Amino acid sequence: MRGAATISDVLVRIASSGAIGIGIAAALLLALRLLMPKAQRGKLRLPVALLGLHVAALLVRLPLDPASSLHVALSVVALFLLLTALGRAAFLLVVDLILGVRLGRPLSRIIHDIIQGLVYAGVALITLRAAGVEPGSLLTTSALLTAVIGLSLQETLGNLFAGLAIQAQRPFEVGDWIQIDPDPRLIGQVIEINWRATTVLTNDQIELTVPNGTLAKSTIRNFTKPTAIARRMIEVRGPYEVSPRIVEQALLGAVASAPGVLLAPPPFVLAARFDESSIGYQVNFFIEDFARRDRIDSDVRQRIWYAFHREGIAVPFPTRIVRMAEAPSESQARSEADERQRRLQSLRVVDFLAALPPPLLDRLATLSKTCSYMTGEVVIRQGAAGHELFIVQSGEVSVIVGREGGSTAEVARLGPGKFFGEMSLMTGEPRSATIQAVSDCELVKVDKGAFHEILAAAPGIAEKITEVLVARQSALDENVSVRRARAGTEEAKTTALLEKIRQFFSM
Ligand code: CMP
């Protein structure tokens, strides 16, 4: 207590001495200007202005009678201005410069604000004492004043202590994604925690300021802790006509290829409900980039639509609508006929099918199916088993081969009229490459049964396809780092493959 009084006396004496006080403040400000990074020098404006005002007050006081009350008042004001300038400059030096460098990062906003507040409170107390007012006696002699200050500070102090508790317990930090309100639109990223409130920025770019006292009483969901990985869940309805196993496979295939979805922990599907007209599925997957969650959810939903469309899984409408509407089945039949017609046109331009007699081509169009894929979707995965041949009807796909060591290389791009998937279909071997859609595309899918029927009717096709197959095989061999041992001439390879195909299809 005695020490504090001595320090305040010394400060008052320095400040009142005029030149010495101004000299110290000016030296401190000059040192700060030299030491502070350029971007932070704006902080010096306030203490410089206060020092300027102090000098102005001294100049105005000069001609006045020292005994006059105006002289006394100006002295107190000048003292206050100088002490505030000194306090602010000392704060910048100790807290921003020295402590900032020592800690290797800026002090948390709330501690920063509290120290600054204490400095200003100290300046106010010293000025009051110098003016002959004992601040302690002010509070004790006026019970009313004490009550007024106590009541008005109640909430502020509550927020201050709640803010300190947040700092100590750290349920969240700046940068974390949190939810305080049940409304999911108010989920936001913490951008500041200060002595009064915490500010979060939502995905709608709305700043939400929550008083620390309110936060202390709320349940906080932190999506960034304990790790940045968060689970998302999308509800999808599937028809009763398709088994949950098949729907699950389609959903998992769709989710896995969506950008932003993590492969570990793996996505999973729950058959959650048997509803009136549909089975309710919950598609669960994990993401790391929480800020992009809406975009990722949307990508997953789009891929689910494509996967369902390909597999012929209809998203069920409420039963009432389905029973009342006869027209859709007619229009459905019409659109199926249109699709068959478009398939027929696409098949006609495929080189190895060009020689097929029209009835056989017609039959192939009937037996095959049109599948749509969106950009980025994987049609075939290298190493998987496969029993279908695909013909590109529209769009473009990329043929990617995985090398030893994990790298990949694109070996070809296939557009309308080109085909792929013939190797596994014809030899029974695992898929030799990955095929990925590079634009939205429509593919004609021919399964083994349909292909067998056409092959039996026109055995010459096998030879034509085998030629392409051998050429592609050579391109593949060139692209993998360890060349597979495939001895013999092109001719010998073609003959051996043809034999294999004939055996595979029991021709
Ligand atoms: P399949 O092995 O069944 O599955 C992957 C497909 O990629 C393969 O059949 C071929 O149709 C296709 N493919 C492989 N290599 C090439 C290549 N070099 N050029 C074009 N397509 C290829």
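All of these numbers come straight from a predicted model, not from anything done at the bench. We number each residue from 1, following the sequence as shown. Order of listing sets the numbers, starting from 1, for every ligand and every atom in it.
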In terms of side-chain geometry, is the basic nitrogen of [X] or [Y] positioned less than 4.0 Å from the acidic oxygen of its partner?
X: Asp176; Y: Lys225; result: yes
X: Glu388; Y: Arg431; result: yes
X: Glu339; Y: Arg342; result: no
X: Arg232; Y: Asp297; result: yes

Identify, by atom number and element, the atoms of ligand 1 in contact range of Phe420, meaning under 4.0 Å from any of its heavy atoms. 11 (O)

Could you list which atoms of ligand 1 come closer than 4.0 Å to a heavy atom of Ala412? 19 (N), 20 (C)

Considering only protein heavy atoms, which is closest to [atom], and at what distance to one decimal place?
atom: atom 1 (P) of ligand 1; answer: Met423 CB, 3.7 Å
atom: atom 4 (O) of ligand 1; answer: Arg431 CD, 3.4 Å
atom: atom 17 (C) of ligand 1; answer: Arg472 CG, 3.6 Å
atom: atom 13 (N) of ligand 1; answer: Val399 CG1, 3.7 Å
atom: atom 11 (O) of ligand 1; answer: Glu422 OE1, 2.5 Å
atom: atom 15 (N) of ligand 1; answer: Leu476 CG, 3.4 Å

Please say whether more than 12 non-hydrogen atoms of neighbouring residues, nucleotides or ligands are located less than 6.0 Å from CZ in Arg41. yes

With a cut-off of 6.0 Å (strictly less than), are more than 12 heavy atoms of other residues, nucleotides or ligands near NZ of Lys418? no

Below a 4.0 angstrom heavy-atom separation, can you tell me which part of [X], side chain or backbone, both or neither, approaches ligand 1?
X: Ile435; value: side chain
X: Ser432; value: both
X: Ala475; value: side chain

Applying salt bridge (charged side-chain N to carboxylate O under 4.0 Å, His left out), name anything that partners Arg472, two or more places apart in sequence or on another chain. Glu422

Are any of the heavy atoms in Gly421 under 4.0 Å away from ligand 1? yes

So, Arg185 and Thr202: side-chain donor and acceptor under 3.5 Å apart, yes or no? no

Side chain to side chain donor-acceptor pair (under 3.5 Å) with Ser257: which of Arg303, Glu377, Arg381, Gln436? Arg303

Would you check the N or O atoms of Pro430, main chain and side chain alike, for any that come under 3.5 Å of an N or O of ligand 1? no

